[in-house]
Amino acid sequence: MKKFFKKAVNKPKNILSSQDTSESESSTATIEEPIQAKPKPIQNEVKLTQTKSKPVEIKAKPIQPKLKSVQKAPVSVKSEPIKAVKPIQTVTTESVEKVSSTDTKKPEIQTSKPVEQPPKSHFALPNCPDWEGDFSEYIDGVPNISGSEKVMLDTLKNASSKPVFLPDSGIDFGNIRGACAIALHMHQPLIPAGGGDLQNAEIISNLKYMWDNQYIGDNHNAPAFHWCYKRIGEFIPQLMNEGKQPRVMLEYSGALLHGLRQMELHDVLDNLKTITLDQNYRRAVEWLGCPWGHAVAPSTPVQDYRLHVLAWQHHFAAIFGLEALSRVRGFSPSEMALPNHPDVAYEFVKTLKDCGYQWVLVQEHTVENSANGQNPERPHIPHRLTCTNSHGETCSIIAIIKTQGSDTKLVAQMQPYYEAKNQYRCNLAGKSIPPLVTQIADGENGGVMMNEFPNKFFEVSNDGFGSDTPLMNATEYLEHLFAMGIKEEDFPVVQPVMQKKIWEHFQPGDGPEKLAQVIKEIQQTDHQFHMEGGSWTNNISWVDGYDNVIGPMEKVSSMFNEKALKPQIPTNEHRYRNALFHLMTSQTSCYRYWGQGLWTDYGQEICRRANDILTYDF
């Protein structure tokens, strides 16, 4: 089961243990409840200072003591107390890269079939202004999460038909038996913990809190987490300079990217830029999009989830450039949470398609065969996730299926590679194709991931090189399939779990009221039936027991809809961007994971601040 220590200082992992048997065995830190004070109006900005002046070079300040021992010997990391870093004062990005004109010379392939005449969304859309855009990393002290959507989406549309990895793949796709793909998920939530007074504390990264309080529980792991966030940026160049062909997919939440910059951990972002932008290394790395604030799709209002998706793309482009964003084709939903309510699932897929994504990563047990309601028979080949809403509208996207559970050891010990060695080519649409074994896991959680992943990643990168079971990334794999003549329509169809029971009693097009009635009737006779979606495991609810958090979240969402979306406030206005930052921060899954206590208090407080902004600034 997936356990997010990174999202809770009271649920850490012990880095000294390299023989983790279960992530639930980690020790528990004791944290004093924050002193409750009478709520006060907050200043309507994030505590960062940013100008729109011409870009300046960012020079990383050293964090003492240096973690050289962690980098050289990740198998055993011992950290010393580290001084708190100062908040960043001024950050601007490098000049935004433009899509290279040479890309037009690369062979074009059919990457996915667009939805014909997409139906109108059933909620208010943001007012994206027509202008030249601004991709500074921060604007008026707030992460650049909105304002230039039209420029961004135009860039994605223009690049969508061009292959990303195929021209430089180097994989003998016609002769391999199978392939494996791994993805590293990275996240740290933002929390109001930059001070002793909850109502006035600065919003900081949970990593910052850990760093400043290493004497509490296992917070001493903060330097090791820092190392985990940056080390892939060293592994890839080393392996490729040795002539190998490593592969990795990366998913970093927007909240984490902001927290790293706020902490002045520029070395992490510099390493990531190297493997993202350098022509010598970038073919080995595939970035996956995700919700900016790590929101779970089944219980996040659909209009807000779209804002999370757009905000991550906007923020990523501000850090790495528009050209790098144009190469992001896959999406990784937080907690692998897939909505199964027909109207929510439809909007989920439509949002991804509207935002330029071509495929989505899904958990094996969150989807079912649309014909018989069973689990996919061939999970190692791509599928087509098709979602129909109560109005009778349908939208689909390619689904790459992640198999098995959420155990980080599966990736840390490179299990997908060994599973791929037992796979064989299969038939799809009259063609012989290799299967792709895919896994994703937290890239920093647990002693096995922290300590054993580096050596195992190097070992498999060496063993897989030139073999008939190489490492591949998902978009690279799909591009090879399309080059063979495989089309999206050839993939088997799946739908969100439990929907077959709905379609047995409901005719698409009968409307949302009839759908609600049918769902209620099924729930009365089938107590296992639910519309909370599916995620890493089936024993976690993102709704039950969190009314005191969900209530304020829904209120803030409604206020944002009424005061920012419906009035069509331009997305490049400071008040819009600042309110959006607080809205998305309040919707992180972390506030609905650890039960009642400090984390629900954090969620309520951020909702209060968002409420103040929407009340006094709009």
Side-chain angles (χ1 to χ4, degrees), residues 6 57-63 66-74 77 91 93-94 97 137 164-165 168 181-188 205 207 222-254 256-261 263-290 315-321 323-325 327-328 332 411-412 414 440-445 449-458 460-462 471 473:
K6 55 192 165 182
E57 181 181 0
I58 299 172
K59 295 184 178 180
K61 297 181 180 180
I63 298 174
K66 296 181 179 178
L67 303 177
K68 294 296 185 180
S69 60
V70 180
Q71 300 176 17
K72 294 181 179 179
V77 181
V91 180
T93 60
E94 300 172 356
E97 297 184 57
E137 193 171 335
V164 177
F165 300 103
D168 303 314
I182 63 164
L184 301 178
H185 161 75
M186 310 286 198
H187 171 61
Q188 286 286 348
S205 174
L207 181 64
F225 280 11
H226 169 219
W227 162 234
C228 289
Y229 295 140
K230 66 180 285 187
R231 64 188 182 184
I232 198 67
E234 298 177 6
F235 295 167
I236 295 297
Q238 180 178 337
L239 284 164
M240 297 200 74
N241 289 339
E242 293 173 357
K244 304 303 188 298
Q245 290 185 332
R247 294 291 189 271
V248 68
M249 296 186 289
L250 301 177
E251 181 231 312
Y252 284 56
S253 75
L256 173 61
L257 294 173
H258 166 59
L260 292 170
R261 187 66 87 190
M263 292 178 67
E264 296 189 336
L265 298 181
H266 307 307
D267 56 336
V268 176
L269 296 173
D270 288 344
N271 276 14
L272 294 176
K273 281 185 177 182
T274 296
I275 58 176
T276 302
L277 304 178
D278 193 311
Q279 293 277 0
N280 295 313
Y281 309 128
R282 72 185 199 183
R283 69 178 181 274
V285 179
E286 175 169 11
W287 279 92
L288 305 181
C290 62
H315 196 178
F316 183 88
I319 297 173
F320 299 99
E323 190 279 331
L325 177 64
R327 292 184 268 117
V328 180
S332 174
V411 172
M414 297 298 290
I440 183 174
D442 293 358
E444 78 278 61
N445 266 344
M449 175 57 74
M450 283 189 266
N451 297 324
E452 297 182 19
F453 172 73
N455 289 337
K456 206 64 182 176
F457 182 69
F458 273 81
V460 168
S461 295
N462 279 280
L471 278 73
N473 289 328

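By convention here, the first residue in the shown sequence is residue 1. Note that this is a predicted model, so its numbers are computed, not measured.
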Original post:
Would Met263 and Leu207 satisfy side-chain contact (heavy atoms from CB on, under 4.5 Å), going step by step from the backbone distance to the final call?
Top reply: CA-CA 9 Å; Met263 292 178 67; Leu207 181 64; 3.9 Å; yes
Subject >> Stepwise side-chain contact (heavy atoms from CB on, under 4.5 Å) test for Phe453 and Met414 >> reply: CA-CA 8 Å; Phe453 172 73; Met414 297 298 290; 4.0 Å; yes
**OP:** For Leu184 and Met449, run side-chain contact (heavy atoms from CB on, under 4.5 Å): C-alpha distance rounded to whole Å, both residues' side-chain angles, the deciding distance at 0.1 Å, then the answer.
**Re:** CA-CA 10 Å; Leu184 301 178; Met449 175 57 74; 4.3 Å; yes
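Taking all atoms of both residues into account, the shortest heavy-atom contact from Ala441 to Val411 is CB-CG2, 3.7 Å. The nearest pair of heavy atoms linking Ser253 to Cys290 is CA-SG, 3.8 Å. Smallest separation of non-hydrogen atoms from Arg231 and Met450: NH1-O, 2.9 Å. Cys228 and Glu444 get closest at one heavy-atom pair: CB-CB, 3.6 Å. The shortest non-hydrogen separation linking Gly289 to Glu251 is O-CG, 4.4 Å. Taking all atoms of both residues into account, the shortest heavy-atom contact from Pro246 to Ala284 is O-CB, 3.1 Å.
Val328 is not listed as a side-chain neighbour of Leu288, based on a closest heavy-atom distance of 4.5 Å or more. Between Phe457 and Ile236 the shortest side-chain heavy-atom distance falls below 4.5 Å. A heavy-atom distance below 4.5 Å is found between the side chains of Arg327 and Arg282. For the pair Gln245/Ser461, no side-chain contact is recorded, criterion being any heavy-atom separation below 4.5 Å from C-beta on. Side-chain contact check for Leu250 versus Glu286: every heavy-atom pair is 4.5 Å or farther apart. Ile440 places none of its side-chain heavy atoms less than 4.5 Å from the side chain of Ile182. Within the 4.5 Å cutoff, the side chain of Met240 has no heavy atoms near those of the Glu242 side chain. Within the 4.5 Å cutoff, the side chain of Lys273 has heavy atoms near those of the Phe320 side chain.
Atoms CD1 and OG1, on Ile232 and Thr274 in that order, are 13.0 Å from each other to the nearest 0.5 Å. Interatomic distance, CG of Leu239 versus CD of Glu234, reported as 12.0 Å (0.5 Å rounding). Summarising the geometry, atom CG belonging to Asn473 is positioned 12.5 Å from atom CH2 belonging to Trp287; distances are rounded to the nearest 0.5 Å. Here the CG atom belonging to Asp270 is positioned 12.0 Å from the CD1 atom belonging to Ile275, to the nearest 0.5 angstrom.
No donor-acceptor pair under 3.5 Å is formed between the side chain of Tyr229 and the backbone N or O of Leu269. When atom types are taken as modelled, the side chain of Asn462 and the backbone of Lys244 share no donor-acceptor pair closer than 3.5 angstrom.
Taking 4.0 Å as the cut-off between side-chain N and carboxylate O, Arg283 and Asp168 do not count as a salt-bridged pair.
Every residue meeting the side chain to side chain contact (heavy atoms under 4.5 Å, CB included) condition with Asp278, not counting sequence neighbours, appears here in chain and number order: Asn280, Tyr281.
Classified by interplanar angle (parallel below 30°, tilted 30° to 60°, perpendicular above 60°), the ring pair Phe458/Phe235 is perpendicular.
Met186 pairs with exactly one of Val268, Leu256, Leu257 by the side-chain contact (heavy atoms from CB on, under 4.5 Å) rule, that one being Leu256.
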